[in-house]
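Okay, so here's the structure we're looking at.
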Protein chains: 2
Amino acid sequence: MSTQDRLIESTQELLWERGYVGTSPKAIQQRAGAGQGSMYHHFTGKPDLAAAALQRSAEQMQAAAGELLDGPGNAHDRIAAYLLRQRDVLRGCRIGRMTQDPDVMADPGLRAPVQETFAWLRGRLAAVVAEGVAAGELAAGLDAEETAAAIAAVVQGGYVLARAADDPDAFHQAIRGALALLRTV
Amino acid sequence: MSTQDRLIESTQELLWERGYVGTSPKAIQQRAGAGQGSMYHHFTGKPDLAAAALQRSAEQMQAAAGELLDGPGNAHDRIAAYLLRQRDVLRGCRIGRMTQDPDVMADPGLRAPVQETFAWLRGRLAAVVAEGVAAGELAAGLDAEETAAAIAAVVQGGYVLARAADDPDAFHQAIRGALALLRTV
DNA sequence: GTCTATAGACGGATAGAC
DNA sequence: GTCTATCCGTCTATAGAC
């Protein structure tokens with residue numbers, strides 16, 4: 001892997017663990033095994049590097065979720081597959097975490113991947129919900145957008161509960177609770 | 001208000017806006033209109049002050065939620081009142097936000113108020129859900145703990161969606177989605 | 001491309017005068 | 001109780017040699 005790639009990957013990890021304010025160029029360099037000069041040769045500075053890292057994380061998250069939501073099975077099963085997918089619960093969501101960082105949200109280049117990822121996710125979920133309602137797998141009256149927002153929110157909020165309790169089970173409880181409510185046709 | 005109180009209140013605000021890592025003693029002093037010496041006279045340092053601020057925020061959050069969950073109306077109405085209560089959506093949750101800050105979660109004194117608040121909230125919600133199921137206001141098979149976790153998660157995740165979209169309506173969509181699912185008896 | 005040296009600002013805290 | 005002075009480390013970046 002190139003130095004440039006190692007820098008991006010290290011930044012992805014550190015943004016996930018410590019957020020933007022909590023991540024220093026020095027820490028990135030150390031994790032990537034690269035020197036100062038090297039980093040500033042490939043990137044103009046911390047914001048530039050963070051933008052590259054967030055774009056990559058956003059692509060990866062969309063690819064992972066898209067695979068399940070576009071996968072095999074009926075609509076209900078695909079939503080369940082998305083909700084039940086293996087996750088690093090206590091680490092939380094790499095993208096969702098960024099919404100808490102004012103410096104990220106204030107910089108359009110950093111904010112864009114976050115905004116786009118959630119817009120994409122909600123749209124994709126809404127389409128599957130609509131499909132499920134049409135097929136009679138989900139309750140007839142459900143609003144697709146609202147239901148999709150609720151599903152996405154349960155995942156993001158589940159991470160919060162799990163970290164607060166320091167227990168991944170809090171996440172899984174929330175997911176099971178949501179699935180039970182969806183099943184109540 | 002005493003200098004001590006102003007320091008605590010300023011810290012509450014800054015922790016909410018910028019998180020623990022992003023909040024400096026200097027910024028706290030400026031917002032509180034207090035000098036360095038004054039701050040270090042009343043508190044041993046940043047962690048001590050943050051602990052006082054988080055404890056106060058935790059109390060306030062529990063008081064606000066408790067009032068609605070213990071208020072008038074049947075179980076379903078109290079859950080709806082909690083979900084629909086007026087919120088500063090784009091600012092997010094003062095307590096939930098802290099779960100993303102590794103320095104907070106690593107310090108037992110800072111972590112405790114966060115952990116306790118969510119444990120309390122989930123327990124309180126579960127009791128109301130159980131009451132609603134018993135009264136036939138909520139679907140018969142619902143697991144109280146899981147449903148409560150899902151409800152708490154929708155709120156926390158709703159904040160994430162709203163901040164990502166820079167639009168409070170994302171939060172309200174998630175809430176309406178959750179309420180619709182709860183209504184589906 | 002990568003290295004070392006250097007720089008100004010800020011973070012977090014201490015000391016001692018008043 | 002509050003103020004000013006001072007301290008050492010880190011943050012983010014630039015400069016220039018190799």
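Reminder, nothing fancy here: chain letters follow the sequence lines and each chain counts from 1.
Non-hydrogen atoms lying under 4.0 Å from DNA chain D are contributed by B:Gly35, B:Gly37, B:Ser38, B:His41, B:His42, all within residues 13-47 of chain B.
In this model, the phosphate group of D:dT2 is approached by a side-chain N or O of B:Thr3 to a distance below 4.0 Å at OP1 or OP2.
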- Working for salt bridge (Lys or Arg N to Asp or Glu O under 4.0 Å), residues B:Arg31 and B:Glu9: CA-CA 9 Å; B:Arg31 188 169 296 212; B:Glu9 207 163 273; over 6 Å; no
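Side chains of A:Gln62 and A:Thr117: a donor-acceptor N/O pair is present below 3.5 angstrom, by distance only. Residues B:Tyr159 and B:Arg97 have side chains that never bring a donor and an acceptor to within less than 3.5 angstrom of each other.
Partners of A:Gln12 according to the side chain to side chain donor-acceptor pair (under 3.5 Å) rule, which considers only residues two or more places apart in sequence or in another chain, are A:Ser57, A:Gln60.
Under the 4.0 Å criterion applied to side-chain N and carboxylate O atoms, B:Arg56 and B:Asp5 are assigned as salt-bridge partners.
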